[in-house]
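Let me begin by presenting the structure, written as structure tokens, before commenting on it.
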There are 2 protein chains.
Amino acid sequence: MTKKEQEIVEQFIEQKGMEYQAEGLPRIAGRLMGLLLIEEGPFAFGELAERLQVSRGSISTNTRLLENLGVIERVSKPGKRGDFFQQSSEPYLSLLAGINLRLNRALANAKQARDGLSKSRKKVQSRLARLETFYQGFIENNKRLIQSLES
Amino acid sequence: MTKKEQEIVEQFIEQKGMEYQAEGLPRIAGRLMGLLLIEEGPFAFGELAERLQVSRGSISTNTRLLENLGVIERVSKPGKRGDFFQQSSEPYLSLLAGINLRLNRALANAKQARDGLSKSRKKVQSRLARLETFYQGFIENNKRLIQSLES
DNA sequence: TATATTGTTTAGTCTTGACTAAACAATATA
DNA sequence: TATATTGTTTAGTCAAGACTAAACAATATA
């Protein structure tokens, strides 16, 4: 790997770290995703810690987090003792499913509120209805994207 | 407003607070959005502080934040001195525009990385290409949603 | 069995940023 | 002009959680 390529890889990893942080996730989780994206895997547990210069505890916590999100998976290698990690086969499907889960919760909250409030509050009723329309549209779009990624 | 309705309103406001917090935004910002959604506005600056039981400093900071996001707007009332706030007319368009801004940045990062890395890294090249496809699909969906909300 | 390796958990530190109270600046009103 | 009102800014507190080091448990290997 050329020096220039190394720089690009490092930069990408850090960018992913910042992207994740902006989404309210740990920076290390983003770095992990970046690394698993941009370099040939799978990576051994210890490799990850050394490569990203973070503690093994952080690797343990954040690999678990990403596993739960469904975007990475823990695999084994014949003859090897430790765990290895790689991007899951369909990380974006899991991501979209997670987003839709949260959207559906928010949608349910809006519905519940609209339901419980007097129909005579025209302004509020219509605002809540518009909020629901927004959520529904977003959810539908995600479903469509899921379908197109599946094919 | 009945007691039951009051409860629903309070619950909705708190739910919005938690939703915003999950997105990495201040809880108070979410509470503000919830309040402006579910009760007739516009609200005076001081009213907001009292109603949500938070300091005026927090109102100042978070109304500015939400104004910058384009989801609320500051308005005046004839004969009144202070500022008033209400949901902007098209909060979801602003929201979607903001999301697409971030997605486009992430997309650009992925492209830049793929560009700079050797074409011979087949695995990595294709992973980055898939990432780009995902971002592009998401962005297109949002644009479509924007259009449908505009009409 | 003893030792090494590996991942998780725990205890504690440190940073970030949400939040408040109070000072402040600007403007309105008396 | 003096006083009151209003929103912003500043200084400081506090809490959440990201992160680490080390203890630990489990398993493999010698």
Side-chain angles (χ1 to χ4, degrees), chain A residues 13-36 41-69 71-86 88, chain B residues 13-36 41-69 71-86 88:
Chain A
I13 290 171
E14 292 307 314
Q15 284 169 342
K16 272 277 168 282
M18 296 309 284
E19 285 172 26
Y20 269 61
Q21 190 168 21
E23 300 292 331
L25 293 168
R27 194 184 293 187
I28 290 181
R31 288 206 191 102
L32 275 168
M33 275 309 288
L35 176 58
L36 296 184
F43 283 87
F45 188 98
E47 258 181 299
L48 292 174
E50 196 184 353
R51 175 60 204 270
L52 296 180
Q53 291 292 318
V54 299
S55 71
R56 292 188 307 155
S58 289
I59 297 297
S60 177
T61 302
N62 286 283
T63 50
R64 184 168 50 238
L65 169 66
L66 293 172
E67 271 185 286
N68 290 338
L69 288 178
V71 295
I72 72 171
E73 55 193 17
R74 190 180 301 246
V75 297
S76 57
K77 278 191 177 180
K80 298 286 187 177
R81 187 174 164 191
D83 298 353
F84 288 76
F85 295 90
Q86 63 188 18
S88 66
Chain B
I13 291 172
E14 291 308 313
Q15 284 168 342
K16 273 275 168 283
M18 298 309 286
E19 286 172 25
Y20 270 60
Q21 190 169 21
E23 300 293 331
L25 292 170
R27 193 184 293 187
I28 290 181
R31 288 208 191 101
L32 275 169
M33 276 309 289
L35 176 58
L36 295 185
F43 283 86
F45 188 97
E47 258 182 300
L48 292 173
E50 196 184 354
R51 175 61 205 269
L52 297 178
Q53 291 292 317
V54 299
S55 71
R56 292 187 307 155
S58 289
I59 298 297
S60 176
T61 302
N62 286 284
T63 49
R64 184 165 53 238
L65 169 66
L66 294 172
E67 272 186 285
N68 291 338
L69 288 178
V71 293
I72 72 170
E73 55 191 18
R74 190 181 300 246
V75 296
S76 57
K77 278 192 178 181
K80 299 286 188 177
R81 187 173 166 190
D83 297 355
F84 289 76
F85 295 90
Q86 62 187 18
S88 65

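Scope of the values below: all heavy atoms of this structure, side chains included, with no hydrogens, waters or symmetry mates. Within every chain, numbering begins at 1; the chains are lettered A, B, ... in the order of the sequence lines, protein sequences first and strands thereafter.
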- Find which nucleotide of DNA chain D each of A:L25 and A:R56 is nearest to by heavy atoms, and output the residue with the more 5' nucleotide. A:L25
- Task: Whole angstrom is fine here: how far is it from CZ in B:R81 over to P in D:dA4?
- Result: 12 Å
- Note on the structure: When rounded to whole Å, the CG to P distance for the pair A:L48 and C:dT6 reads 13 Å
- Task: Measure from the side-chain heavy atoms of B:N62 and tell me the nearest of C:dC19, D:dT8, D:dA4.
- Result: C:dC19
- Give a yes/no on whether any side-chain N or O of B:S58 is located under 4.0 angstrom from OP1 or OP2 of C:dT20. yes
- Mind checking who D:dA30 pairs with, Watson-Crick or G-U wobble, both distances under 3.5 Å? C:dT1
- Out of C:dA21, C:dT27, C:dT8, which nucleotide sits closest to the side chain of A:R74? C:dT8
- Message: Please compare A:A44 and B:V54 by the position of their nearest nucleotide in DNA chain C and report the one closer to 5'.
- Response: A:A44
- Can you measure from CG (B:L48) to CD1 (B:I28) and round to the nearest 0.5 angstrom? 11.5 Å
- Which of D:dG7, D:dT9, D:dC19 is nearest the side chain of B:R64? It is D:dT9
- Item | For atom CD of B:E47 and atom P of D:dT5, their distance in whole Å | 16 Å
- Query: To the nearest angstrom, how far is B:Y20 atom OH from C:dG17 atom C1'?
  - Reply: 19 Å
- B:R64 side chain reached by B:N68 side chain, heavy atoms, under 4.5 Å: yes
- Expected output: side-chain B:E50 to main-chain B:E47 donor-acceptor under 3.5 Å: no
- Could you tell me whether B:G82 contacts a base, only the sugar-phosphate backbone, or nothing, with contacts defined as non-hydrogen atoms closer than 4.0 Å? sugar-phosphate
- Calculate the interatomic distance between B:E23 atom CD and C:dG17 atom P; express it in whole Å. 17 Å
- Between P of D:dC19 and CG of A:L65, the distance in whole Å: 11 Å
- Base, sugar-phosphate, or nothing: which does B:I28 touch, judged by heavy atoms less than 4.0 Å apart? sugar-phosphate
- Message: Rounded to the nearest 0.5 Å, what separates atom CZ in A:F84 from atom CZ in A:F45?
- Response: 12.5 Å
- Candidates B:Q21, B:E19, B:E14 - the one meeting side chain to side chain donor-acceptor pair (under 3.5 Å) with B:R27: B:Q21
- Item | Identity of whatever pairs with D:dT9 - Watson-Crick or G-U, under 3.5 angstrom | C:dA22
- Could you work out which one of D:dA18, C:dT20, D:dT8 sits closest to the side chain of B:S60? D:dT8
- B:F84 has an atom CZ; how far is it from atom C1' of D:dT5, in whole Å? 13 Å
- Message: Tell me the interatomic distance from A:L52, atom CG, to D:dA18, atom C1', rounded to whole angstroms.
- Response: 15 Å
- The side chain of B:F45 lies closest to which of these nucleotides: D:dG7, C:dT20, C:dT27? D:dG7
- Query: Does the B:T61 side chain pair with the main chain of B:G57, one donor and one acceptor, at a distance under 3.5 Å?
  - Reply: yes
- Closest to side chain of A:S55, choosing from C:dA4, C:dA18, D:dA21: D:dA21
